[in-house]
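Just so it is clear, the structure is predicted and the values come from calculations on it, not from any experiment. One-based numbering, in listed order, for ligands and for the atoms of each. Below, each value reflects all heavy atoms present in this structure, side chains not excepted, and no hydrogens, waters or symmetry copies.
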Amino acid sequence: MTRMTSSEAFVEQLVAEGVTDIFGIVGSAYMDALDIFPPAGIRLISVAHEQNAAHMADGYSRASGRHGVCIGQNGPGITNFVTAIAAAYWAHSPVVAITPEAGSASTGLGGFQETDQMPIFSKITRYQAHVNRPDRIAEFTHRAFTIAMAERGPVQINIPRDHFYGEFEARIAPSQPIEHGPGAAGSVEEAARVLARAKFPVILMGGGVSMAGGCAEARALAEYLQAPVATSYLHNDVFPASHPLYCGPLGYQGSKTAMRIIAQADAILALGTRLGPFGTLPQYGIEYWPEDARVIQVDSDDRMLGLVREVEVGIHGDARATSVALLDQLKGHDDIVCLGNRDQRLAELEAQRKAWESELDQMSAGDASPISPRRALRELEKAMPADAMVATDIGNVCSVANSYLRFDEPGSFFAAMAFGNCGYAFPTAMGAKVARPDRPSVAYVGDGAWGMSLAEVLTCVREEIPTVAVVFNNGQWGAEKKNQIDYYADRYVGTNLANPSFAEIGRAMGADGITVDQPDQVGDALAQAIASSRPTVLELMLDQDLAEPFRRDALAKPVRLLDKYKDFTVE
Ligand SMILES: Cc1ncc(C[n+]2csc(CCOP(=O)(O)OP(=O)(O)O)c2C)c(N)n1
Ligand SMILES: [Mg+2]
């Protein structure tokens, strides 16, 4: 025990948890602690909006495998976090939101910048600590950091601003990593029996595989069975795209190869995926989920087992440890059925892969100006350096990118995941760049969503974070306009955009700005932006072509009963 002030105990605990970077906006509420960030070796990355600070913390954690931390002023600074913490929750990112609160002496009096900060985050965090006494600040901080990583999600440390002051004897705990095991032995044995008997096993790998650091172990299992591997929605980077067993991603704008292969499976090993409902919806008119297949699901969160789809074997285990245990078990089987038909299965995979690639090539061949979205995505794909990290936003063009984003290393793809908020990609790519300055970091963003993010170009310049924003300028909130085209007889309400030059705005903010309207210049422009090591806004002038909408599953043709609205239907 050492005598310290509350701010010192808090900052020392951050140091013990390995914190070196915190994203946020300065505020009086925590200034006493902030004052000693520099001597503690902690950098405050000062941003333009707190939502983006929390997205940056998310990107930082996804790129580094460490905690991402954000902080802001009590009240409005903290409520600005909400959208990004919800996004981190569904991305399973260990983000630590430090939320200074109005002073405890005046709680409930409606003083300055007061709101009850605990209920707001109650459904989007894994753990909430309210620091009820200054002398417990290090203890609560330690607990929050431990749970964020163990349970893979955001946590909140809520600190009444007066609790940064005070003196006491404090103990600083070392950071405490918690390992998950392979799951119950009986379940692993049962799963191995199911896999050994299967004629056409397919492995579906989700984010849990890379979060567990288990990509190599999962790959070894796939190779042993010679089982094709599909990746779950927006987790394209958990298996190497160049591997002969890889089929590509499932879900919206995913790979037809993956869909046509998984449709043939008689057993599915769902590894580190909750089988999210949006990620397994029919696509391209293909009802690919094989309803009769035997399903084994492995997840480190027991609540995910059997949640969305019924499973025959549910294993509460870590994707890495369970892969190792399953492979061990399978090595004890001398009757693995699918090894007998390996050549037919691999030939089928190769045929499906060729068919989908040539379909993609055909769809991506347009050479007009403005550029067709698919051509732009193909050119970006070809020019993307192997070590690049790519974050994608929510929008029509960004979603189509799912078919064109291939990676050989885990920790390379940071999509907006299931919360699906516009404005996710750019700050996330910035956070990733802070975590991994040695790797190029690129965000794909639609022009509508860019309006939510572009202020952070200021941060890129001020804080020297050379992120590349590829802005798809199609003059529309395209993904939503597509619904008005398909369901509302082209009645456009709020979906057309009149844009300035985003490249010029970028330059005015001190970044580089490039506008490209010729398809054959896209790749060079990306290469130039990455090589320059300067924050760059790369604006691509696209045509207004739109792919399939997001939510055919959830929309219906309009019905109007009142006379006044009778024309607002479709034929
Ligand atoms: C914060 C937020 N607001 C609104 C939406 C609804 N939404 C989904 S996609 C989309 C349009 C995106 O337009 P843009 O960024 O220009 O990309 P495009 O679809 O044109 O490629 C909107 C408004 C959302 N997902 N998130
Ligand atoms: Mg757009």
Can you list every side-chain hydrogen bond (donor to acceptor under 3.5 Å, both in side chains) pair that touches residues 526-538, not counting sequence neighbours?
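Checked against side-chain hydrogen bond (donor to acceptor under 3.5 Å, both in side chains) - neighbours excluded - the pairs reaching residues 526-538 are D512-R534.
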
D543 vs S372, side chain to side chain donor-acceptor pair (under 3.5 Å): CA-CA, chis, key distance, verdict:
CA-CA 5 Å; D543 70 31; S372 94; 5.0 Å; no

Mind checking whether Y284 and W356 have ring centres under 6.0 Å apart?
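Here the rings of W356 and Y284 have centres that are less than 6.0 Å from each other.
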
I'd like to know whether CZ of F568 has more than 12 heavy-atom contacts from other residues, nucleotides or ligands below 6.0 angstrom.
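Counting other residues, nucleotides and ligands, CZ of F568 stays at 12 neighbours or fewer.
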
So with a 6.0 Å cut-off around NZ of K557, is the heavy-atom count from everything else above 12?
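Yes, the 6.0 Å shell around NZ holds more than 12 heavy atoms from other groups.
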
For S255 against C247, the heavy-atom pair lying closest together
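Closest heavy-atom pair between S255 and C247: OG-O, 2.7 Å.
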
Closest contact, heavy atoms only, A54 versus I85:
CB-CD1, 4.1 Å

Distances under 2.8 Å only: what protein N/O/S atoms are near the Mg ion (ligand 2), ordered by chain and residue?
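Near the Mg ion (ligand 2), the protein supplies D447 OD1, N474 OD1, Q476 O.
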
Which pairs would a plain distance check flag for residues 411-426, meaning a side-chain donor or acceptor within less than 3.5 Å of a matching protein atom at least two apart in sequence or in another chain?
unit_1: S412; atom_1: OG; unit_2: E409; atom_2: O; d: 2.8
unit_1: S412; atom_1: OG; unit_2: R439; atom_2: NH2; d: 2.8
unit_1: N421; atom_1: ND2; unit_2: H55; atom_2: NE2; d: 3.2
unit_1: Y424; atom_1: OH; unit_2: D58; atom_2: OD1; d: 3.3
unit_1: Y424; atom_1: OH; unit_2: D58; atom_2: OD2; d: 3.0
unit_1: Y424; atom_1: OH; unit_2: R62; atom_2: NH1; d: 2.7

Side chain to side chain contact (heavy atoms under 4.5 Å, CB included) assessment of V570 paired with Y488
CA-CA 6 Å; V570 262; Y488 298 94; 5.9 Å; no

Under 4.0 Å from ligand 1 - residues by heavy atom, chain and number:
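For ligand 1, the residues that come within the 4.0 Å heavy-atom cutoff are I394, G395, N396, V397, G420, N421, C422, G446, D447, G448, A449, M452, N474, Q476, W477, G478, A479, E480.
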
